[in-house]
Structures are given as structure tokens and as C-alpha cells.
K.L.:
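Please see the structure below; I have some questions.
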Amino acid sequence: QVQLVESGGGLVQAGGSLRLSCAASRHTFSSYAMGWFRQAPGKEREFVAAINWSGGITYYAGSVKGRFTISRDNAKNTVYLRMNSLKPEDTAVYYCAAGELATTTRPYDYWGQGTQVTVSS
């Protein structure tokens, strides 16, 4: 079992930046690919970014490519999502997940509780 705890969400103005963190409970963190997903009210959960176990492979949704950066520190059992040039449409609850590298939710076995990101116009 892997427990994931997100942090770093909050309220920011359009054009601003935030860095989300996701801390994992297990020392086997480095064996998992990690993903970030988000869910806005009334919408389905959607893929944001993913990173493989070593950090050498990353994937991004088209809507965030060039603005968001996913990274990981296996020594700290933590994955990050740096979000720049935020837009009101980025407003959502952001979730991190651990599992197999993918851009869909199904291959991820473990999920955090989510952190709210609100971008004001």
C-alpha cells in the first residue's frame, strides 16, 4: 500500500505560479511511475502530467504543455508539479497517483486525496 499526500494548492491570480508536491509513504516510491490528474466541478478527472520511475520520460496534456513541469526526487519520495502562467481554466482539484506510466487513470493503483487549485481572473 502506498499513501500519497498532496500539498501546495491554493488561490492564485491568472498568470501566477504554484508548485504542488506529493509525498509518498513507501521507500519503494522509485519503482512507480507518477501522474498528476485534475478534476473540475461537473467534469471528469483528466490527465495533466506523468513521469516514469527515473524521471527520464515525461508526458503532458496539450493544455498544460509548456506551462507545467513534472519532476520527482526519489530520495525524498516526492513528485512535484510546477505550474506557471496559470489560467482560470486550470482551476480544479489536483490529484497525484502512483502506478504504471500512462495518460489515463486506470493504470494508477494509488491516489492522493487531492489539493484545490483556484485561479482567479
K.L.:
Group every Ile, Leu, Val, Met, Phe, Trp and Tyr by side-chain heavy-atom contacts under 4.5 Å, then state whether M34 and Y94 land in the same group.
P.N.:
yes
K.L.:
Report yes or no: does T58 contribute a side-chain atom to a donor-acceptor pair with the main-chain N or O of I51 at less than 3.5 Å?
P.N.:
no
K.L.:
Side-chain polar contacts of residues 14-23 - donor-acceptor pairs under 3.5 angstrom, sequence neighbours left out - could you list them?
P.N.:
{"unit_1": "S17", "atom_1": "OG", "unit_2": "N84", "atom_2": "OD1", "d": "2.9"}

K.L.:
Mind checking whether V79 and Y95 sit in one hydrophobic cluster, side chains of I, L, V, M, F, W, Y counted as touching below 4.5 Å?
P.N.:
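No, no single cluster joins them.
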K.L.:
Examine F47 and I70 and state if one hydrophobic cluster contains both, with Ile, Leu, Val, Met, Phe, Trp and Tyr joined whenever side-chain heavy atoms are less than 4.5 Å apart.
P.N.:
no
K.L.:
Out of curiosity, T91 OG1 to Q116 CD, how far, rounded to the nearest 0.5 Å?
P.N.:
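CD of Q116 is found 7.5 Å from OG1 of T91.
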K.L.:
I'd like to know if the side chain of N74 and the backbone of N77 have a donor-acceptor N/O pair within less than 3.5 Å.
P.N.:
no
K.L.:
Kindly work out whether a path of hydrophobic side-chain contacts (I/L/V/M/F/W/Y, heavy atoms less than 4.5 Å apart) joins Y59 to L81.
P.N.:
no
K.L.:
In sequence, state the C-alpha distance, the side-chain angles, and the governing distance for E89 and V119, and then conclude on side chain to side chain contact (heavy atoms under 4.5 Å, CB included).
P.N.:
CA-CA 8 Å; E89 50 264 43; V119 184; over 6 Å; no
K.L.:
Taking distance alone, no hydrogens or angles, what donor-acceptor pairs closer than 3.5 Å link side-chain atoms of residues 100-112 to residues at least two apart or in another chain?
P.N.:
{"unit_1": "Y108", "atom_1": "OH", "unit_2": "A102", "atom_2": "N", "d": "3.2"}
{"unit_1": "Y108", "atom_1": "OH", "unit_2": "A102", "atom_2": "O", "d": "2.7"}
{"unit_1": "W111", "atom_1": "NE1", "unit_2": "Y108", "atom_2": "O", "d": "3.4"}

K.L.:
Take a 6.0 Å sphere around CD of Q39 and say whether it holds more than 12 heavy atoms from other residues, nucleotides or ligands.
P.N.:
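Above 12, so yes.
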K.L.:
Could you grab the distance from atom CZ of F29 to atom CG of L4, nearest 0.5 Å is fine?
P.N.:
8.0 Å
K.L.:
What closest approach, in Å, do G55 and N52 show between heavy atoms, and which atom pair accounts for it?
P.N.:
N-OD1, 3.0 Å
K.L.:
Can V93 be reached from Y80 by stepping across I, L, V, M, F, W or Y side chains whose heavy atoms are under 4.5 Å apart?
P.N.:
no
K.L.:
Taking salt bridge (Lys or Arg N to Asp or Glu O under 4.0 Å) as the test, write out the residues that go with R38, two or more places apart.
P.N.:
E46, D90
K.L.:
Scan M83, R82, K87 and name whichever one has a side-chain contact (heavy atoms from CB on, under 4.5 Å) with R67.
P.N.:
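Considering M83, R82, K87, a side-chain contact (heavy atoms from CB on, under 4.5 Å) with R67 is found only for K87.
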